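First comes the structure, then the notes that go with it.
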Number of protein chains: 2
Amino acid sequence: MPRIAPKMPKRLAVAALELFGERGIDDVTVEQIAARVGVTKGSFYSHYRSKHEIILAACTHYYQTHLRRLHAETARLAHPRDRLRRALELSIRICVADERNRVFTSDLFAMALHDEPVRQSWAQFYNAVREMLVGLVSAVHAESGSNGSDARHSVDLMLAAIEGVKLRAGFEPHVADPAEQRAIVDGMMHYLCSSRQPGPAEAP
Amino acid sequence: MPRIAPKMPKRLAVAALELFGERGIDDVTVEQIAARVGVTKGSFYSHYRSKHEIILAACTHYYQTHLRRLHAETARLAHPRDRLRRALELSIRICVADERNRVFTSDLFAMALHDEPVRQSWAQFYNAVREMLVGLVSAVHAESGSNGSDARHSVDLMLAAIEGVKLRAGFEPHVADPAEQRAIVDGMMHYLCSSRQPGPAEAP
DNA sequence: CCGCACTCATACCAAAGGGTATGCTTCGCG
DNA sequence: CGCGAAGCATACCCTTTGGTATGAGTGCGG
């Protein structure tokens, strides 16, 4: 076989991510990942030290792909409100309709609770998404002179809601209906764009 | 050993739930569950046909305990708004501060995606919690003459947010701070109690 | 008091899968 | 042209764990 194995580590990571989305992280074997790119397990271990390493590589690939897509889809629009809506639409669509995403990230959440490297990688990704959304919400508020610190709390709650909607869609498939998605996005836009004080205790 | 083993299946289910919360479902062995109640694996299999059965039993126990607690904590209050707030406070407190709950339910979510009985059991539990919260929100709206169908959508989004906050607290522990919890509950109360139309398209 | 049934422990089986050691093939460089 | 290194496949090891078969002990009912 050729001595040059271009991008084999990357191809393995991509294959792993696909399989993790199809079957869940624990139900994918190293042998299956290797077979997906046409090699055997021995080859796999000449590129990755362990199954744990390929999991982290698959995560990294997923984060980069997701963030790139989010940026690409919103960069086309000029108005901050439209960009925010588009970001929410994309996020909700992926969360409710992309079963592979749900399977993979659900396993990842569970794994993150007892695996520090996985937890840290997810936290960084989550923060990157949050910063992007906070920027979008702040831009919307700047048009109506609102409180920026409110944006962060609102975004936190809506990001949490997005993750929760993803879980809910796993056992209530009708959430993926376009009308349901629209209602969810409308609810989130209303919540994020309403200019209000954070809570009674902080009311002037 | 005594022929009468009072409530052994229940004791095994409770022990399983504790262990699942400590270590995650997959990382608990049947042997460990049996040992936790002072017997061995052979005994376990005289009460349960499989590990999967004890998982379902642990789920059932968890759902019943959680619902009972929710009802007990809110039943004491008279005003619908106070009951709703108390239900949210309890839910948020459990979600952010109870690590065992997070570990167990995260694994359960991941498992529910490819396990029909687990998914159905979770969906039933989720629906029971939702019906309870919808009832509380409707009672609040009844005091101010609002749209009942709006309550269902709002509750859906806030339930999703609760699940998402649970996940977020797994990698951002500061979410468990009392001030953060209060801000989250305030945000949710605001969202649930505001009497508004579902979206611009449906505005009169 | 005996027999039966229940509950339990022990020992074992089987399967799965992460990981490793070894050897083969090919290519590039000196 | 030969040698060394890279990439790969094969065969195997080892551990873990779900599950089972069998036998022992005890209590209850007739």
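Model, not experiment: these values are computed from the prediction. Here is how names work: the chains are called A, B, and so on, in the same order as the sequence lines, proteins then strands, and each is numbered from 1.
Between A/Ser43 and the phosphate of D/dG7, there is no side-chain N or O to OP1/OP2 separation shorter than 4.0 Å. Between A/His47 and D/dA6 there is no side-chain polar atom (N or O) within less than 4.0 angstrom of OP1 or OP2.
In this structure, B/Thr29 reaches the sugar-phosphate backbone alone: every heavy-atom distance under 4.0 Å involves primed, P, OP1 or OP2 atoms, never a base. Residue contacts shown for B/Val37 are absent, as no nucleic acid heavy atom lies under 4.0 Å away.
The environment of CD in A/Glu22 is crowded: more than 12 heavy-atom neighbours from other residues, nucleotides or ligands sit within 6.0 Å.
Counting heavy atoms from C-beta outward, B/Arg86 and B/Arg76 have side chains that approach closer than 4.5 Å.
In this structure, A/Asp27 and A/Gly42 both approach DNA chain C, and ranking their closest nucleotides by distance from the 5' end singles out A/Asp27.
Atom pair A/Tyr45:OH and D/dA9:C1' shows a separation of 15 Å (rounding to whole Å applied). One interatomic measurement links the two molecules: CZ of A/Arg11 to C1' of D/dG7, which rounds to 13 Å at whole-angstrom precision. As rounded to whole Å, 15 Å separates atom C1' of C/dT7 from atom OH of B/Tyr48. One interatomic measurement links the two molecules: NZ of B/Lys51 to P of D/dT20, which rounds to 15 Å at whole-angstrom precision. The NZ atom of B/Lys41 sits 10 Å away from the C1' atom of D/dT16 (whole-angstrom rounding). Taking atom CZ of B/Phe44 as the reference point, atom P of C/dT7 lies 15 Å away to the nearest angstrom. In this structure, A/Ile54 atom CD1 and C/dG17 atom P are separated by 17 Å, rounded to whole Å. If you take CD of A/Glu31 and C1' of C/dT20, they are 14 Å apart, rounded to a whole angstrom.
Counting only heavy atoms from C-beta on, A/Ser46 has its side chain closest to D/dG7 among C/dC8, D/dG7, D/dG18.
For the atom pair CD1 (B/Ile94) and CZ (B/Arg102), the distance works out to 12.0 Å, reported to the nearest 0.5 Å. One finds the OH atom of B/Tyr48 at 10.0 Å from the CG atom of B/Leu56 (value rounded to the nearest 0.5 Å). Atom-to-atom distance recorded for B/Ile184:CD1 and B/Ile162:CD1 is 10.0 Å, nearest 0.5 angstrom.
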